[in-house]
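Note that this is a predicted model, so its numbers are computed, not measured. Quick note: numbers below take in every heavy atom, side chains included, and nothing from hydrogens, waters or symmetry partners.
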Amino acid sequence: MSSPTWVDSSHHNSNGNLKGLDTLCPVAEIGEFDFSKVLDKPRPLNIERQRSCDERSMSELSIGLSPRQLAMKIDIFSRLGDHLDSPMQKSGLNTPRSLLLDSHSIMPEAWEALRRSLVHFRGEPVGTIAAMEDSDEQLNYDQVFVRDFVPSALAFLMHGEPEIVKNFLLKTLRLQSWEKKIDRFQLAEGVMPASFKVFHDPVTNRETLIADFGESAIGRVAPVDSGFWWIILLRAYTKSTGDSSLAEQPECQKGMRLILSLCLSEGFDTFPTLLCADGCCMIDRRMGVYGYPIEIQALFFMALRCALRLLKPDAEGKEFMERISKRLHALSYHMRSHFWLDLKQLNDIYRFKTEEYSHTAVNKFNVIPDSLPDWIFDFMPHFGGYFIGNVSPARMDFRWFCLGNCIAILSCLATPEQSVAIMDLIESRWDELIGEMPVKVCYPALETHEWRIITGCDPKNTRWSYHNGGSWPVMLWFLSAAAIKTGRPQIAKRALQIAEARLLKDNWPEYYDGTNGRYIGKQARKCQTWSIAGYLVARMMLDDPSHLGIIALEEDRQLTQPLHKRSNSWTL
């Protein structure tokens with residue numbers, strides 16, 4: 001039986017470290033900067049953005065600080081003020097001179113390439129294609145992917161061009177409403193498409209949208225992350241433009257509720273995390289991320305927080321808001337308690353007892369200490385930590401995943417201390433995670449017998465390639481946003497300098513291979529759109545940190561109150 005085709009034919013009008021860097025002040029000090037004011041400030045278009053750091057009153061920065069901390073902060077910002085340059089052309093936010101990249105950047109070429117990737121539907125831009133490389137084997141790189149479009153959308157929002165983002169949100173919302181069947185099985189109403197393409201019928205001279213809900217994917221898996229990214233992008237659009245009318249439309253409210261119905265439904269789960277199949281997110285091939293992958297849990301958390309702000313408090317919306325609040329409390333506690341790993345927690349797991357049947361059990365998932373991989377003992381630094389890849393009964397996936405950890409920082413799933421620890425880990429393991437091309441999608445790679453068993457001998461996910469330890473330039477924007485939010489912009493600057501030296505020359509590859517990311521990926525597409533957009537977003541955020549408020553969320557104090565601290569490895 002052939003796979004069905006979904007068509008929208010409606011008419012529309014309209015180990016390295018940073019010690020050798022030119023830093024402004026010690027990393028531990030600059031990390032104390034509070035970016036909550038940046039995140040809270042509304043961002044309507046074409047208005048002057050927030051004041052620079054040296055103009056901000058110290059009373060805004062001193063809330064909750066001890067006299068010693070306040071003295072340190074005054075000293076930090078007095079020195080920071082000595083390095084401030086003249087205001088940016090498009091912003092009232094001054095940027096320290098040492099944080100600005102070289103004037104000879106590749107941004108003009110990047111913008112030109114991004115605009116070439118635009119896809120139009122009946123005269124209106126509705127997205128960007130995955131890659132523009134001319135190839136005999138197109139596969140699905142000529143489509144508009146929901147997850148791939150996110151950095152493009154952020155770039156256009158930061159550049160003051162929100163219309164394409166609005167068009168994309170409305171078109172994908174319309175596709176959500178279509179009936180979806182795969183092999184006689186009907187998918188849930190709230191499932192968002194993985195991608196869509198514009199089909200032009202030369203006979204009728206008519207354009208239609210054709211959507212893929214997973215029936216054409218490598219593993220035939222529905223994209224769990226698409227719905228979450230849609231909600232996150234809707235919030236980014238609202239935050240950037242100051243226009244809430246789109247989110248308040250009945251169609252958008254219904255679309256959010258349908259997505260939330262899928263992930264908040266009751267079942268046999270004993271955990272607040274979402275149970276997922278392999279290949280349901282960016283890592284869209286068999287890579288052992290089935291179960292409760294960190295990427296999905298972090299996006300789930302962020303989407304719930306965004307939805308809480310976007311839903312109207314009417315009869316239907318209020319019910320979902322109550323369910324979201326309860327889930328957020330449970331999810332934040334579970335993730336911070338059971339997914340978090342640092343040196344102390346690693347040592348605790350190493351000494352775990354097994355077969356504990358009482359509710360007072362310490363080893364709640366009955367993890368066997370002998371299952372700890374050898375590499376983790378050398379990888380874990382004295383100061384630092386991260387959210388591991390997966391936690392389920394008798395199984396912990398200790399791999400480090402970039403996207404999940406960065407989203408944990410941006411969404412405040414990670415506590416402020418955990419956020420600092422994640423960045424400490426990246427600094428401590430710079431050669432492994434950043435190397436010669438940022439950033440590793442996961443670390444380490446699966447090899448030999450483990451690779452054969454977990455990936456099924458996948459020829460694309462060989463060791464240190466593609467999703468198996470490959471280096472993905474699109475991760476630059478995740479890393480940069482996390483670095484700026486934690487007060488560590490030098491990390492973003494250093495990573496961008498590495499990328500700028502190669503990306504344009506290499507024609508914007510999809511990914512790089514090798515333990516240090518030295519080689520262009522063996523099957524990597526050139527002129528990959530999200531590599532271009534990821535660079536642009538990272539660069540624009542570093543040049544103007546007020547852009548961070550479009551994507552990052554401020555901390556919710558209510559979610560931190562019941563937190564049970566697991567470790568203090570980040571303190572001296």
### I349 CD1 to I388 CD1 distance, which is reported to the nearest 0.5 Å
6.5 Å
### Query
Any side-chain heavy atom of I324 within less than 4.5 Å of one from L264?
yes
Would you be so kind as to tabulate the donor-acceptor pairs closer than 3.5 Å made by side chains of residues 472-480, with sequence neighbours excluded?
residue, atom, partner, partner atom, Å
W472, NE1, Y466, O, 3.0
S480, OG, L476, O, 2.8

### Task
Start with the C-alpha gap between L503 and M437, add the side-chain angles, then the distance that decides, and say whether side-chain contact (heavy atoms from CB on, under 4.5 Å) holds.
CA-CA 9 Å; L503 283 177; M437 176 53 66; 4.2 Å; yes
#### Entry: Nearest non-hydrogen partners of I129 and T529, listed with the distance
O-OG1, 2.6 Å
### Query
Out of curiosity, M541 CE to L536 CG, how far, rounded to the nearest 0.5 Å?
11.0 Å
### Query
Looking only at heavy atoms, which two atoms of R235 and I550 are closest? And how far apart?
NH1-O, 2.8 Å
### Task
Take Q528 and Y141 through the test side chain to side chain donor-acceptor pair (under 3.5 Å) and record every step on the way to the result.
CA-CA 9 Å; Q528 184 81 13; Y141 285 86; 5.4 Å; no
### Task
Determine, for E447 against R452, whether the closest basic-nitrogen to carboxylate-oxygen distance falls under 4.0 angstrom.
no
### Query
Is a side-chain N or O of D506 found less than 3.5 angstrom from the main chain of W508, in a donor-acceptor match?
no
#### Entry: Stepwise side-chain contact (heavy atoms from CB on, under 4.5 Å) test for R336 and T415
CA-CA 8 Å; R336 294 167 182 174; T415 66; 3.8 Å; yes
### Residues K197, D142: salt bridge by 4.0 Å N-O rule
yes
### Task
For W530 and R147, run side-chain contact (heavy atoms from CB on, under 4.5 Å): C-alpha distance rounded to whole Å, both residues' side-chain angles, the deciding distance at 0.1 Å, then the answer.
CA-CA 9 Å; W530 71 352; R147 75 175 68 94; 4.1 Å; yes
### Query
Quick check: are there more than 12 heavy atoms from other residues, nucleotides or ligands sitting under 6.0 Å from CG of D374?
no
### Query
Sub-3.5 Å donor-acceptor pair from the side chain of Q176 to the main-chain atoms of G190, do we have one?
yes
### Task
Answer whether the closest heavy-atom distance between the side chains of N363 and T354 falls below 4.5 Å.
yes
### E500 and R539 ion-paired at < 4.0 Å
yes
### Any F401 side-chain heavy atom under 4.5 Å of V441 side chain
no
### Task
Please assess W340 against D342 for the test side chain to side chain donor-acceptor pair (under 3.5 Å), listing each intermediate value before the final yes or no.
CA-CA 7 Å; W340 181 252; D342 54 25; 3.1 Å; yes
### Query
Does any non-hydrogen side-chain atom of Y519 lie less than 4.5 Å from one of P509?
no
### Query
Is it true that D458 and R285 make a salt bridge, defined as a side-chain N closer than 4.0 Å to a carboxylate O?
yes
### Query
Any donor and acceptor pair, going by atom type alone, linking the side chain of D269 with main-chain N or O of F271 inside 3.5 Å?
no
### Query
Can R518 and E436 be counted as an ion pair, charged N to O under 4.0 angstrom?
yes
Extract all donor-acceptor atom pairs below 3.5 Å that involve side chains of residues 287-306 and protein atoms in other chains or at least two apart in sequence.
residue, atom, partner, partner atom, Å
E295, OE2, M282, N, 3.1
Q297, OE1, L274, N, 2.8
Q297, NE2, L274, O, 2.9
Q297, NE2, P293, O, 3.3
R305, NH1, S411, O, 2.9
R305, NH1, E554, O, 3.0
R305, NH2, E554, O, 2.9

### Message
Looking at R488 and D424, is any side-chain nitrogen of the basic one under 4.0 Å from a carboxylate oxygen of the acidic one?
### Response
yes
### Query
Near K254 NZ, under 6.0 Å, is it more than 12 heavy atoms from other residues, nucleotides or ligands?
no
### Query
How far apart are the closest heavy atoms of T486 and S419, and which atoms are they?
CG2-CB, 3.7 Å
### Charged tip of R323 within 45° of F320 ring normal and under 6.0 Å
yes
### Spacing of N461 atom CG and I283 atom CD1 [to the nearest 0.5 Å]
8.0 Å
### Message
For I409 versus A482, what's the shortest heavy-atom pair and its separation?
### Response
CD1-CB, 3.9 Å
#### Entry: Residue pair F387 / L341, side-chain heavy-atom distance below 4.5 Å
no
### Message
Is there a side-chain contact between Y512 and R502 in this structure, where contact means two heavy atoms from C-beta onward sitting under 4.5 Å apart?
### Response
yes
### Task
Measure centre to centre between the rings of F365 and F352, then say whether the value is under 6.0 Å.
no
### Message
Which heavy atom of R429 sits nearest to which heavy atom of D378, and what is that distance?
### Response
NH2-O, 3.2 Å
### Task
Return the minimal non-hydrogen interatomic distance between K526 and A131, and the atom names on each side.
O-CB, 4.1 Å
### Task
Working to the nearest 0.5 Å, report the span between CD of E109 and CG of L114.
13.5 Å
### Message
Can you confirm whether Y535 sits close enough to M107 that some side-chain heavy atom of one is under 4.5 Å from a side-chain heavy atom of the other?
### Response
yes
### Query
Hey, does the Lys NZ or Arg CZ of R494 hover above the aromatic six-ring of W430, less than 6.0 Å from the centre and inside 45° of the axis?
yes
### Task
Please indicate whether R463 has more than 12 foreign heavy atoms, meaning atoms of other residues, nucleotides or ligands, lying under 6.0 Å from its CZ.
no
### Task
Check the pair F168 / F196 against side-chain contact (heavy atoms from CB on, under 4.5 Å), numbers first and verdict last.
CA-CA 11 Å; F168 170 85; F196 65 85; 3.9 Å; yes
#### Entry: Any donor-acceptor pair under 3.5 Å from N167 side chain to P125 backbone
yes
### Query
Counting N and O atoms only, with roles assigned by atom type, does the side chain of E215 sit under 3.5 Å from a partner on the main chain of F213, one being a donor and the other an acceptor?
yes
### Task
Using the side chain to side chain donor-acceptor pair (under 3.5 Å) rule, take W230 and T172 through it: C-alpha gap first, then chi angles, then the decisive distance, then the call.
CA-CA 8 Å; W230 189 88; T172 47; 3.2 Å; yes
### Task
Evaluate the side-chain proximity of D284 to H467: yes if any heavy-atom separation is below 4.5 Å, no if none is.
yes
### Message
Treating S371 as the side-chain partner and I368 as the backbone partner, does any N or O pair qualify as donor plus acceptor under 3.5 Å?
### Response
yes
### Message
Can you tell me how the ring of W375 sits relative to the ring of Y443, calling it parallel under 30°, perpendicular over 60° and tilted otherwise?
### Response
perpendicular
#### Entry: Flag, side chain of N516 to backbone of G435, donor-acceptor distance under 3.5 Å
no
## Note on the structure
CG of L175 to CG of L209, rounded to nearest 0.5 Å, is 5.5 Å
### Query
Does NE2 in H449 sit with more than 12 non-hydrogen atoms of other residues, nucleotides or ligands closer than 6.0 Å?
no
### Message
To the nearest 0.5 Å, what is the distance between CZ on R286 and OG1 on T455?
### Response
7.0 Å
### Task
Tell me yes or no: between the side chains of T462 and K522, is some donor less than 3.5 Å from an acceptor?
yes
### Query
Can you say whether the rings of Y386 and F379 are parallel (under 30°), tilted (30 to 60°) or perpendicular (over 60°)?
perpendicular
